[in-house]
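Notes to accompany the following structure.
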Amino acid sequence: MRLLLIRHGQTLDNVNGAIGAVVPGPGLTELGQKQAAAIPAALSGERLAAIYVSTMKRTHETARPLANERGLEVRQVEGLEEITSGDLEQRSDEEAITIYMSTVFSWWTSLDGRIPGGEDGHEFYRRYTGAIAGIAAEHPDSTVAVFSHGAAIRAWSSYAAANIDPDFSRTHPLHNTAVVVLEGSPTDGWNVTYWAGEPIGGAQLEDVLAPDPTADALGD
């Protein structure tokens, strides 16, 4: 199957550079709504069997224009949410962002690292992989769009794909409505065939001033 993992549109948390992973979370900003509205045209060449979202409000709002254009029901699946923020929720200071992202990227060495007050790598990959496996079981030979979250998409894609490594996802950004495409299956494995770091509707929809902590490429 082909799996289109699409990050949600811009939220106020992204504008403020705040870590936000509590359900249901904020909806989209005005720019986020424009980003979402550009998705149907950008995916006009894709034959989609289904559209899935997490339990968070921002994925529902991002998926809505595409679902309306295709006449498809938006299907919510638990497990696709952002990596939990725990004690770091709504913090935007450098220390918190460093702790959050460094913990996420430590999972390539050991899944034991835990977000303070949040989940560890074992727990994240178990619930995200389970959600994807359920989707794949329903659409084994189809293309589906899955609207999810920045850190979660970057982390899971690198964990699941055989052809990219931590350095790739660490150095490749994933801004609002950017997309990562994987092909394969839970049993045969996955390969990333496309990674677009900018908004799917084009770079003109990117907010270069927003200090979005889960979007940017990370230095050494």
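Quick caveat, the model's predicted, so the values are computed rather than measured. The figures that follow rest on heavy atoms only: side chains count, while hydrogens, waters and symmetry mates do not. Residue numbers start at 1 and run along the sequence shown.
- Side-chain atoms of Arg114 come within 3.5 Å of backbone atoms of Gly118 as a donor-acceptor pair (strictly under, hydrogens ignored).
- Looking at Asn176 and Glu206, their side chains never bring a donor and an acceptor atom within 3.5 Å of each other.
- We find the CD1-CE distance between Ile132 and Met1 to be 7.5 Å, quoted to the nearest 0.5 Å.
- In terms of heavy-atom proximity, Ile164 sits nearest to Trp195 at CD1-CZ3, 3.9 Å.
- Hydrophobic clustering of Ile, Leu, Val, Met, Phe, Trp and Tyr side chains at less than 4.5 Å, counting indirect connections, unites Leu5 with Ile135.
- The list of side-chain hydrogen bond (donor to acceptor under 3.5 Å, both in side chains) pairs with a residue in residues 125-137, not counting sequence neighbours, reads Glu119-Arg127, Tyr128-Ser148, Thr129-Trp156.
- Nearest heavy-atom pair across Ile99 and Ser102 is O-OG, 3.3 Å.
- Other residues, nucleotides and ligands contribute only 12 or fewer heavy atoms inside 6.0 Å of the CD atom of Glu30.
- In terms of hydrophobic clustering, with Ile, Leu, Val, Met, Phe, Trp and Tyr side chains grouped at heavy-atom distances under 4.5 Å, Leu111 and Met101 are assigned to a common cluster.
- Atoms CG and NZ, from Leu205 and Lys34 in turn, are 8.5 Å apart once rounded to the nearest 0.5 Å.
- Across His149 and Arg7, no two heavy atoms sit closer than the pair C-CG, 4.1 Å.
- Under the 3.5 Å distance criterion, with hydrogens and angles disregarded, a donor-acceptor pair is assigned to the side chains of Thr55 and Glu81.
- Considering all non-hydrogen atoms of both residues, Ala215 and His175 come closest at CB-ND1, 3.5 Å.
- Between Val74 and Ala67, the shortest heavy-atom distance links the atoms CG2-CB, 3.4 Å.
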- Going through the checks in order, is the side chain to side chain contact (heavy atoms under 4.5 Å, CB included) test met by Leu31 and Val15? CA-CA 10 Å; Leu31 175 59; Val15 174; over 6 Å; no
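- Here Asp112 contributes atom CG and His122 contributes atom NE2; the two are 4.0 Å apart, rounded to the nearest 0.5 Å.
- When hydrophobic clusters are built by joining Ile, Leu, Val, Met, Phe, Trp and Tyr residues whose side-chain heavy atoms come closer than 4.5 Å, directly or via intermediates, Tyr159 is grouped together with Val146.
- Checked by atom type and distance alone, the side chain of Asn163 pairs as donor or acceptor with a backbone atom of Val192 at under 3.5 Å.
- Looking at heavy atoms from C-beta onward, Thr143 lies out of side-chain contact with Arg47 at the 4.5 angstrom threshold.
- The number of heavy atoms from other shown groups lying within 6.0 Å of CD (Glu78) does not exceed 12.
- Linking Ile, Leu, Val, Met, Phe, Trp and Tyr residues whenever their side-chain heavy atoms come within less than 4.5 Å leaves Ile19 and Leu28 in two separate clusters.
- Residues Ile6 and Leu43 have side chains in contact (heavy-atom distance under 4.5 Å, counting atoms from C-beta outward).
- Contact annotation: the side chain of Asn14 approaches that of His8 to within less than 4.5 Å [non-hydrogen atoms, C-beta and beyond].
- When hydrophobic clusters are built by joining Ile, Leu, Val, Met, Phe, Trp and Tyr residues whose side-chain heavy atoms come closer than 4.5 Å, directly or via intermediates, Val180 is grouped together with Phe105.
- Atom CD1 of Ile39 and atom CG of Leu66 lie 7.0 Å apart (nearest 0.5 Å).
- Of all the heavy atoms in Gln76 and His60, the pair that sits closest is OE1-NE2, 2.9 Å.
- Side chain of Glu61 to main chain of Arg58: no donor-acceptor pair is present (N/O by atom type, distance under 3.5 Å, no hydrogens or angles).
- Residues Ser92 and Asn16 are not in side-chain contact: their nearest non-hydrogen atoms beyond the backbone lie 4.5 Å or more apart.
- The CZ atom of Arg2 sits 10.5 Å away from atom OH of Tyr194, with the distance rounded to the nearest 0.5 Å.
- Interatomic distance, CG of Leu182 versus OG of Ser157, reported as 4.5 Å (0.5 Å rounding).
- Here the side chains of Pro26 and Lys57 are not in contact, with every heavy-atom distance at 4.5 Å or above.
- Between Met56 and Val23, the closest side-chain pair of non-hydrogen atoms falls below 4.5 Å.
- One N or O on the side chain of Glu82 and one on the backbone of Ala151 form a donor-acceptor pair closer than 3.5 Å.
- Under a 3.5 Å cut-off, the side chain of Thr84 and the backbone N or O of Gly86 do not form any donor-acceptor pair.
- Using modelled atom types, no side-chain atom of Tyr100 and backbone atom of Thr214 make a donor-acceptor pair closer than 3.5 Å.
- Glu138 and Arg75 are joined by a salt bridge, as a carboxylate oxygen and a charged side-chain nitrogen come within less than 4.0 angstrom of each other.
- Between the side chain of Ser85 and the backbone N or O of Leu88 there is no donor-acceptor pair closer than 3.5 Å.
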